[in-house]
Amino acid sequence: MFRRVIEKLHLDKYVSPKLILAIDLVISVIVSLFALLLTSALFLYETGLILNWVITSFVASLIFFLLLHTHKNIIRHSTLRELWKLGIATLGKGAAMVATIKIVEPYLLQNMYIWTALLFDVLCAISALVKYPRSYARYK
């Protein structure tokens with residue numbers, strides 16, 4: 001999918017790290033929403049939780065991606081040296097989401113749906129961020 005987007009944007013030679021950061025953020029937030037939806041918490045809780053979930057996912061992802069400069073990594077061959085920053089950023093996002101839930105709505109942490117959604121979010125985010133878009137991008 002991202003290969004086609006990159007080809008359509010005529011970015012097949014070089015891709016801006018800012019574009020990769022934007023794509024990473026979109027992927028991270030979509031995965032967070034998908035995790036919440038899949039664990040049925042979307043149907044059990046009010047829109048305040050959903051909005052909190054999306055905002056926290058976006059802000060925490062942005063902070064950790066920028067701190068660790070994950071948008072400047074190219075992953076051609078999966079090595080630990082290249083993947084550790086994405087793993088730490090995703091785990092940091094998960095920890096920030098737990099902290100936000102504990103501050104805003106602490107009673108939710110007693111619900112297994114939230115813990116399942118958080119675990120699923122972290123695992124899927126790592127998988128999605130490793131696969132796309134770095135595997136197709138080249139940087140200056």
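Throughout, residue positions are numbered sequentially from 1 according to the sequence presented. Hydrogens, waters and symmetry mates are skipped; everything else that's a heavy atom, side chains included, is used.
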A.B. asks: I'd like to check T116 versus L38 (side-chain heavy atoms, cut-off strictly below 4.5 Å). Are they in contact?
C.D. replies: no

A.B. asks: At what distance, to the nearest 0.5 angstrom, does CG of L86 lie from OG of S28?
C.D. replies: 10.5 Å

A.B. asks: Assess the residue pair I50 and L33 against the criterion (side chain to side chain contact (heavy atoms under 4.5 Å, CB included)); give the C-alpha distance rounded to whole Å, side-chain angles, the decisive distance to 0.1 Å, and a yes or no.
C.D. replies: CA-CA 8 Å; I50 300 165; L33 271 173; 4.1 Å; yes

A.B. asks: What's the separation between atom CD1 in I88 and atom OG1 in T70, rounded to the nearest 0.5 Å?
C.D. replies: 12.0 Å

A.B. asks: When rounded to the nearest 0.5 angstrom, what distance separates CG in L118 from OG in S57?
C.D. replies: 10.0 Å

A.B. asks: Group every Ile, Leu, Val, Met, Phe, Trp and Tyr by side-chain heavy-atom contacts under 4.5 Å, then state whether F64 and I27 land in the same group.
C.D. replies: no

A.B. asks: If hydrophobic clusters are built by linking Ile, Leu, Val, Met, Phe, Trp and Tyr wherever their side-chain heavy atoms come under 4.5 Å apart, do W53 and V104 end up in the same one?
C.D. replies: no

A.B. asks: Measure the CG-CG distance between L66 and D24 for me, rounded to the nearest 0.5 Å.
C.D. replies: 10.0 Å

A.B. asks: Just to verify, what does F120 make a ring-ring contact (aromatic ring centres under 6.0 Å, His included) with, not counting sequence neighbours?
C.D. replies: F34

A.B. asks: What residues, two or more places apart in sequence or in another chain, satisfy side-chain contact (heavy atoms from CB on, under 4.5 Å) together with L91?
C.D. replies: V122

A.B. asks: Quick one: closest heavy-atom pair of L109 and K102, and the distance?
C.D. replies: CD1-CB, 3.7 Å

A.B. asks: Output all residues satisfying side-chain contact (heavy atoms from CB on, under 4.5 Å) with L123, sequence neighbours left out; order by chain, then residue number.
C.D. replies: L119

A.B. asks: For the residue pair K85 and L68, what are the closest heavy atoms and their distance?
C.D. replies: CD-O, 3.1 Å

A.B. asks: Within a strict 4.5 Å, meaning less than it, do heavy atoms of the V98 and W115 side chains meet?
C.D. replies: yes

A.B. asks: Return the CG to CG distance between L36 and D121, rounded to the nearest 0.5 Å.
C.D. replies: 9.0 Å

A.B. asks: Give the minimum heavy-atom separation between V31 and C124, together with the two atoms involved.
C.D. replies: CG1-CB, 3.5 Å

A.B. asks: Please list all pairs passing the salt bridge (Lys or Arg N to Asp or Glu O under 4.0 Å) test where one or both residues lie in residues 53-67, with sequence neighbours left out.
C.D. replies: none

A.B. asks: So how far is it from F65 CZ to L129 CG, rounded to the nearest 0.5 Å?
C.D. replies: 4.5 Å

A.B. asks: Please examine the side chains of I114 and L49, heavy atoms only from C-beta on, and report whether any two atoms are closer than 4.5 Å.
C.D. replies: yes

A.B. asks: Taking side-chain contact (heavy atoms from CB on, under 4.5 Å) as the test, write out the residues that go with V26, two or more places apart.
C.D. replies: I30

A.B. asks: Is there a path from I101 to I103 through hydrophobic residues (I, L, V, M, F, W, Y) whose side chains come within less than 4.5 Å of each other?
C.D. replies: no

A.B. asks: Listed by chain and number, what are the side-chain contact (heavy atoms from CB on, under 4.5 Å) partners of A60, not counting sequence neighbours?
C.D. replies: K93, A96

